[in-house]
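Small disclaimer: the values here were computed from a predicted structure and weren't measured. Numbers here are sequence positions counted from 1.
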Amino acid sequence: MELTQTIETERLRLRPLRADDAERMALIANDKRIARNLTHVFPHPYTLADAESFLAAPAGLAIDARQAVGSLDAGLIGVIGADAGSGENGDVLSFGYWLAAEAWGHGLATEAAGAFLADLASALQPRRFEALVYGWNPASGRVLEKLGFVLEGRCVQRITRFGEVTDELIYGKLL
């Protein structure tokens, strides 16, 4: 089964990423506030070359489960995606997203993630979704809780990012 090519919500359009997204992606992703909440594979500064490399890389699933998140009136505002586990965890999808800072606090992450996860669940029928959140980012935890995720664990002082140490929170949702 395939993911829906384009998903429209009340305020957003999710669609496959394209090579011509690189310039806009580099512009909005070059924000330390975004990088601070993502793993070390998301660099800061974030350059056009970083965006082009990301867009050229194969996705972690047999189908490309990465989508551009666009505002219906403002174009690309972020990226959302999922990767499958392997072996005995092959039907577990790890999920993540980032949005431009100006899009924070308006319910757009919840709107995008809800639509994206519903499409993934229908297309891939995973056993569960999971997501990791840094302790200093409670807003991301609230997004997940609104979508039915449960806080399953806290790894104390597990993350060091830009010289700061924080907890890693593990959220899960059974399907």
Salt-bridge criterion met for R11 and E111 (N-O under 4.0 Å): yes
- prompt: In terms of hydrophobic clustering (I, L, V, M, F, W, Y; side-chain heavy atoms under 4.5 Å; direct or indirect links), are L27 and F54 co-clustered?
  reply: no
field: Exercise: identify the closest heavy-atom pair between G135 and P138
entry: O-CD, 4.1 Å
- request: For residues P126 and L175, determine if any side-chain heavy atom of one lies less than 4.5 Å from a side-chain heavy atom of the other.
  value: yes
task: Indicate whether any N or O donor in one side chain lies under 3.5 Å from an N or O acceptor in the other, for N37 and W136.
output: yes
- line: So CG of L76 and CZ of R18: to nearest 0.5 Å the spacing works out to 9.0 Å
message: For a 4.5 angstrom cut-off between non-hydrogen side-chain atoms, does R127 reach N89?
response: yes
- prompt: Between K32 and H44, is there a donor-acceptor pair closer than 3.5 Å when you use the side chain of the first and the backbone of the second?
  reply: no
- prompt: Which atom names give the shortest non-hydrogen contact between P43 and A35, and what distance separates them?
  reply: O-CB, 4.2 Å
- request: Test side chain to side chain contact (heavy atoms under 4.5 Å, CB included) on V79 and Q67 and set out the steps.
  value: CA-CA 6 Å; V79 173; Q67 298 274 306; over 6 Å; no
message: Looking at D83 and R66, is any side-chain nitrogen of the basic one under 4.0 Å from a carboxylate oxygen of the acidic one?
response: no
Test salt bridge (charged side-chain N to carboxylate O under 4.0 Å, His left out) applied to E152 - qualifying residues, sequence neighbours left out: R128
message: By the ring pair (Phe, Tyr, Trp, His ring centres under 6.0 Å) test, which pairs, at least two apart or in different chains, include something from residues 79-115?
response: F42-W98, F95-Y97
field: Test item: V133 and Y171 side chains (from C-beta on) under 4.5 Å apart, heavy atoms
entry: yes
message: Can you list everything that forms a salt bridge (charged side-chain N to carboxylate O under 4.0 Å, His left out) with E164? Sequence neighbours excluded, please.
response: R36
task: Measure across L108 and I77 and return the closest heavy-atom pair with its distance rounded to 0.1 Å.
output: CD1-CD1, 4.0 Å
message: Would you say L132 ends up clustered with L174 if hydrophobic residues are merged whenever their side chains have heavy atoms under 4.5 Å apart, either directly or through other cluster members?
response: no
- prompt: Can you check side chain to side chain contact (heavy atoms under 4.5 Å, CB included) on R161 and T166, steps first, answer last?
  reply: CA-CA 8 Å; R161 188 78 164 124; T166 192; over 6 Å; no
message: Please give me the minimum heavy-atom distance between L14 and A112, naming the atom from each residue.
response: CD2-O, 3.7 Å
task: Using the side chain to side chain contact (heavy atoms under 4.5 Å, CB included) rule, pick out the option among D31, I34, N30 that qualifies with Y46.
output: N30
query: Say you draw a straight line from CG of L169 to CD1 of I159; how long is it, rounded to the nearest 0.5 Å?
result: 9.5 Å
- line: dist I170:CD1 -> C155:SG (nearest 0.5 Å) comes out at 4.0 Å
- request: Kindly compute the distance separating CG (L117) from CG (L144), expressed to the nearest 0.5 Å.
  value: 8.5 Å
task: Apply side chain to side chain contact (heavy atoms under 4.5 Å, CB included) to the pair N137 and R142, showing each step before the final yes or no.
output: CA-CA 9 Å; N137 188 7; R142 286 191 299 276; over 6 Å; no
- line: For D50 and P45 the tightest heavy-atom approach is OD2-O, 3.5 Å
message: Are there over 12 heavy-atom neighbours, none belonging to E8, within less than 6.0 Å of that residue's CD?
response: yes
message: Which heavy atom of D21 sits nearest to which heavy atom of L55, and what is that distance?
response: C-CD1, 4.1 Å
message: Would the distance check show the side chain of R15 and the main-chain N or O of Q5 forming a donor-acceptor pair, the cut-off being under 3.5 Å?
response: no
- prompt: Going by heavy atoms in the side chains, are F129 and L147 under 4.5 Å from each other?
  reply: no
message: Rounded to the nearest 0.5 Å, what separates atom OG in S140 from atom CZ in F149?
response: 10.0 Å
query: Can you tell me how far the CG atom of D119 sits from the CD1 atom of I7, to the nearest 0.5 Å?
result: 4.0 Å
Derivation and outcome, side chain to side chain contact (heavy atoms under 4.5 Å, CB included), residues M25 and L17: CA-CA 10 Å; M25 183 184 292; L17 289 161; 3.9 Å; yes
